[in-house]
Protein chains: 2
Amino acid sequence: MVTSAERGDASSRRRPTIDDVARLAGVGRGTVSRVINGGHNVRPAVRDAVNQAIDILGYSVNQSARNLARGRTGSIAYIISDRGDRLFEDPNFGLFARTFSRQLRGSGRHLLITTAEDEEEENSLGDYLAFGHVDGALLGLTRDHEPLLQRLQASRLPFVVLGKPLGFENALSWVAIDDEKAAFTVVSYLAGKVDGAIGTVTGPLHTSSGRERLDGCRLALGDRFRPDLVASGDWSLRSGREGTELLLRREPGLRGLFVASDLMAAGAIGALRAAGRRVPEDVAVVGFDDSAAATMVDPALTTMRNPIEQTALEALRILDERIAGDAGAPVRLVLSSELVKRSSA
Amino acid sequence: MVTSAERGDASSRRRPTIDDVARLAGVGRGTVSRVINGGHNVRPAVRDAVNQAIDILGYSVNQSARNLARGRTGSIAYIISDRGDRLFEDPNFGLFARTFSRQLRGSGRHLLITTAEDEEEENSLGDYLAFGHVDGALLGLTRDHEPLLQRLQASRLPFVVLGKPLGFENALSWVAIDDEKAAFTVVSYLAGKVDGAIGTVTGPLHTSSGRERLDGCRLALGDRFRPDLVASGDWSLRSGREGTELLLRREPGLRGLFVASDLMAAGAIGALRAAGRRVPEDVAVVGFDDSAAATMVDPALTTMRNPIEQTALEALRILDERIAGDAGAPVRLVLSSELVKRSSA
DNA sequence: CTGAAAGCGCTAACAA
DNA sequence: TTGTTAGCGCTTTCAG
């Protein structure tokens with residue numbers, strides 16, 4: 001039962017609109033609109049009056065109405081191509097998502113988190129995006145995605161790639177860390193620590209990260225680089241363990257190990273220990289990412305910390321430029337990582 | 001049927017609207033609206049015609065317009081009270097977020113992920129929620145939150161708590177796993193595996209999970225329960241290590257250990273190993289959560305897997321009921337966990 | 001069952 | 001610099 005008292009209560013408590021503000025401030029609706037959209041071309045005195053009315057009423061803009069009027073959706077898609085269940089264990093992903101969400105919330109927008117696990121999902125996702133359900137997209141790619149990229153390119157949807165899109169480097173806008181330089185840094189550190197054989201467990205070599213981290217390692221090692229001490233992994237713990245077992249078989253006297261991700265490094269340390277090696281006394285190990293795994297494993301990993309937040313912010317900034325219509329030539333941005341010394345090397 | 005003019009209209013740049021569909025199907029706008037909202041009270045023949053027009057035009061609803069007309073925002077808040085940076089490392093959180101997102105997307109809605117790290121954030125969050133920016137909220141609480149809960153209760157915002165809200169059990173709607181029963185299960189398993197002293201490292205005892213997991217442990221151990229072999233932790237790796245060191249000092253002959261979270265269990269195993277104990281030969285260990293840590297640690301943990309997805313789905317269902325209808329009595333739901341046997345016990 | 005029409009709250013173009 | 005007005009696309013009465 002709704003009593004008249006409750007009804008009255010409810011209607012008097014309804015959210016104030018732009019008209020309420022205009023009435024209270026004694027101005028027209030358009031003026032209020034101008035004030036809440038930057039306050040340009042409004043006399044200071046009037047602007048103050050409007051702002052005061054806004055405060056008194058506790059007014060805040062109705063995003064649905066604004067989006068409807070502007071012809072925007074108010075949401076941005078964050079697309080990840082990794083397997084969905086693995087995705088939330090990736091600390092980088094989490095930090096990306098968190099940074100995007102927080103930043104978008106500041107402008108009353110939403111983040112739509114989506115996976116594209118297989119080709120079918122990619123197709124329906126392409127439909128969704130092309131359909132105008134979002135204002136733009138941020139792509140976190142972990143494998144090659146020519147179909148989706150091409151589809152997106154053909155559509156009018158503004159988007160920015162997180163990481164270097166192999167094969168599309170010059171055609172698209174992207175923000176990435178300098179994997180090669182970062183790998184160079186950490187491997188140089190490792191090489192300075194130990195004498196003797198140094199091996200590496202790489203990421204998937206069809207990704208730019210996997211490839212460039214290997215390049216950086218090769219560069220840092222110079223003459224000491226041993227092509228036979230390269231095992232390829234797939235970012236998984238298991239592949240880190242198996243890759244290390246392989247290297248140990250090839251070179252029992254292994255002294256140093258660069259593992260291209262912390263999670264794989266956790267697997268590597270397990271394998272090393274199982275083989276009776278002490279870390280770092282017998283084999284020094286360095287990882288990459290500075291993820292949760294880095295401190296969960298014993299000994300804690302020496303690794304590279306990537307500027308994820310900065311990457312996220314820059315990507316969003318570039319995306320917003322393109323949404324606003326400043327879309328000129330593609331924009332590319334490369335950021336640097338930082339060495340974190342712990343006990344594993 | 002379809003004139004070229006109509007076709008031309010439809011295939012023009014802009015997204016088709018409900019009016020385009022109505023014109024093509026030769027019906028009124030209201031009828032189309034009825035069809036896309038369930039198709040009730042529409043003659044089958046007409047409904048088919050409308051659906052056909054929708055297909056031809058590739059029409060899909062504009063959420064902003066719908067929300068504006070319905071007086072809804074189209075978004076649901078997921079509030080977590082944990083420290084923000086820790087939060088994305090919690091696998092439960094990730095699965096919750098993913099399940100919510102996916103489910104909401106099905107109904108054209110969004111998930112707003114927010115933290116409430118301290119009291120200040122909680123207050124501004126309270127403002128935000130009370131302001132009508134979201135249609136409802138899902139609360140993942142990790143500590144006591146009387147202020148926020150009371151504030152929310154006072155507002156008209158529908159919400160559901162994930163986990164048991166201590167002190168508000170009867171006043172609010174919530175969905176939780178049966179911590180006591182789950183702890184009972186895994187500790188019974190442990191007790192069947194080893195003879196001799198069994199200890200436990202608990203979660204924070206001011207949370208319902210921490211408390212109930214201890215209760216379940218006590219129940220399962222019966223006469224074998226030793227009050228002196230209870231160390232209290234705070235879910236952190238470190239507290240797992242320190243708690244275990246304490247227990248080892250009190251009972252060097254410790255044979256079994258129930259650690260109330262996998263992350264703490266990882267710390268426990270580190271401490272055990274440092275003290276020269278083998279796991280599980282000398283000390284058998286069981287964890288709780290089946291989180292990423294469970295398989296990252298060596299040996300892999302025997303632990304309890306919680307029905308996170310089901311919890312998420314049920315919570316959302318209950319929330320939607322409350323958003324749709326006038327909230328009746330609070331709804332409570334308790335779900336069960338499952339034992340996962342690995343090598344640590 | 002169906003169509004017409006009145007908004008939902010806001011932006012932006014156009015006058016003034 | 002301002003106020004006025006015409007939509008944005010949809011839902012929801014209200015007649016018929």
Side-chain angles (χ1 to χ4, degrees), chain A residues 10-11 14-51 53-54 57-74 107-109 131-133 135 324-325, chain B residues 9-10 12-51 53-54 57-74 107-109 131-133 135 323-324:
Chain A
S11 58
R14 84 169 212 291
R15 259 180 92 176
T17 73
I18 202 172
D19 288 303
D20 298 324
V21 176
R23 210 173 305 126
L24 179 57
V27 301
R29 204 207 323 217
T31 301
V32 177
S33 180
R34 266 165 232 130
V35 170
I36 60 183
N37 285 294
H40 302 302
N41 294 347
V42 179
R43 233 184 326 155
V46 176
R47 192 189 323 161
D48 292 346
V50 170
N51 280 324
I54 287 176
L57 260 28
Y59 168 83
S60 74
V61 62
N62 176 319
Q63 291 293 343
S64 297
R66 169 175 279 178
N67 289 332
L68 177 57
R70 282 185 175 160
R72 295 252 179 93
T73 67
S107 50
R109 294 181 294 172
F131 246 123
H133 287 292
D135 299 328
Chain B
D9 216 16
S12 69
R13 263 275 164 263
R14 81 174 216 292
R15 248 177 102 177
T17 73
I18 201 173
D19 288 305
D20 297 325
V21 176
R23 208 173 309 126
L24 179 56
V27 301
R29 206 212 315 225
T31 300
V32 177
S33 180
R34 268 166 231 128
V35 171
I36 60 184
N37 285 293
H40 302 302
N41 294 346
V42 178
R43 231 184 327 152
V46 175
R47 191 188 326 163
D48 292 346
V50 170
N51 281 323
I54 287 177
L57 259 28
Y59 168 83
S60 73
V61 62
N62 175 321
Q63 291 294 343
S64 296
R66 168 175 279 178
N67 289 333
L68 177 59
R70 283 186 175 162
R72 295 249 180 94
T73 67
S107 49
R109 293 182 293 173
F131 247 124
H133 287 293
D135 299 329
I323 291 174

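What you are looking at is a predicted structure, and each value in this text was computed from that prediction instead of being measured. Residue numbers start from 1 in every chain, and the chains themselves are labelled A, B, ... in the order their sequence lines are given, proteins ahead of strands.
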Undergrad: Within a strict 4.5 Å, meaning less than it, do heavy atoms of the B/Ile323 and B/Arg72 side chains meet?
TA: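 Answer yes - side chains close enough.
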Undergrad: Between B/Arg23 and B/Asp20, is there a side-chain heavy-atom distance shorter than 4.5 Å?
TA: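 Touching, per the 4.5 Å side-chain cut-off.
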Undergrad: At under 4.0 Å, does any side-chain N or O of A/Asn62 touch on OP1 or OP2 of C/dC10?
TA: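 So the side-chain polar atoms of A/Asn62 never come under 4.0 Å of the phosphate oxygens OP1 or OP2 of C/dC10.
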Undergrad: Give a yes/no on whether any side-chain N or O of B/Arg70 is located under 4.0 angstrom from OP1 or OP2 of C/dC8.
TA: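 Result: no.
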Undergrad: Base, sugar-phosphate alone, or nothing: which one does A/Thr17 contact when heavy atoms must sit under 4.0 Å apart?
TA: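 Answer is sugar-phosphate: A/Thr17 comes under 4.0 Å of backbone atoms only.
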Undergrad: With a non-hydrogen cut-off below 4.0 angstrom, is B/Val32 in contact with a base, only sugar-phosphate, or nothing?
TA: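 Since no nucleic acid heavy atom lies under 4.0 Å of B/Val32, the category is nothing.
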Undergrad: Regarding A/Gly71, tell me which of base, sugar-phosphate or nothing describes its non-hydrogen contacts under 4.0 Å with the strands shown.
TA: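 No contact.
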Undergrad: Taking the nucleotide of DNA chain D with the closest heavy atom to each, which residue, B/Arg34 or B/Gln63, is nearer the 5' end?
TA: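 Of the two residues, B/Gln63 wins.
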Undergrad: Quick one: B/Asn67 CG to C/dG9 P, roughly how many Å, whole number?
TA: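 Rounded to whole Å, this separation is 13 Å.
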Undergrad: What is the separation between atom CG on B/Asn41 and atom P on C/dG3, rounded to the nearest whole Å?
TA: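 Roughly 13 Å, once rounded to whole Å.
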Undergrad: Let me know the distance between CD1 of A/Ile18 and P of C/dA12, rounded to the nearest Å.
TA: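 For the pair A/Ile18 CD1 and C/dA12 P, the rounded distance is 11 Å.
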Undergrad: Would you mind classifying the nucleic acid contact of B/Asn37 as base, sugar-phosphate or nothing, using non-hydrogen atoms under 4.0 angstrom?
TA: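 Since only primed, P, OP1 and OP2 atoms lie under 4.0 Å of B/Asn37, the category is sugar-phosphate.
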Undergrad: Please confirm whether the shortest side-chain N or O distance from A/Ser33 to OP1 or OP2 of C/dT11 is below 4.0 Å.
TA: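 The answer is yes; a side-chain N or O of A/Ser33 sits under 4.0 Å from OP1 or OP2.
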Undergrad: Taking NE2 from A/His40 and P from C/dA12, how many angstroms apart are they, rounded to a whole number?
TA: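 After rounding, the gap between these two atoms is 13 Å.
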Undergrad: Relative to the 5' end of DNA chain C, which residue comes earlier, B/Leu68 or B/Gly26, by the nucleotide with the nearest heavy atom?
TA: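 This one resolves to B/Gly26.
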Undergrad: Return yes if a side-chain donor-acceptor contact under 3.5 Å exists between B/Thr31 and B/Arg47, otherwise no.
TA: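 Absent: no donor and acceptor within the cut-off.
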Undergrad: So which heavy atom on A/Arg29 is nearest to which on A/Asp19, and how close?
TA: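 In this case the closest contact between A/Arg29 and A/Asp19 is CG-OD1, 3.6 Å.
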Undergrad: Are B/Arg43 and C/dC1 close enough that a side-chain N or O sits under 4.0 Å from OP1 or OP2?
TA: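 B/Arg43 to C/dC1 OP1/OP2: no side-chain N or O under 4.0 Å.
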Undergrad: Report yes if the side chains of B/Ile18 and B/Ile36 come closer than 4.5 Å at any heavy-atom pair, otherwise no.
TA: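 Sidechains of B/Ile36 and B/Ile18: in contact.
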Undergrad: Find the distance A/Arg23:CZ to C/dG9:P and express it as a whole number of Å.
TA: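 Roughly 12 Å, once rounded to whole Å.
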Undergrad: Can you tell me the distance, in whole Å, between the CZ atom of A/Arg29 and the C1' atom of C/dC14?
TA: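 Answer to the nearest Å: 15 Å.
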Undergrad: Provide the start and end nucleotides, 5' to 3', of the part of DNA chain D that has atoms under 4.0 Å from heavy atoms of chain B.
TA: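 Terminal contacting nucleotides, 5' to 3': D/dG9 to D/dT13.
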Undergrad: Examine the side chains of B/Thr73 and B/Arg109 and answer whether a donor and an acceptor come within less than 3.5 Å of each other.
TA: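 No - no donor-acceptor pair under 3.5 Å links their side chains.
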Undergrad: Do B/Val32 and B/Val35 have side chains that approach each other closer than 4.5 Å (heavy atoms only, starting at C-beta)?
TA: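 A side-chain contact under 4.5 Å is absent here.
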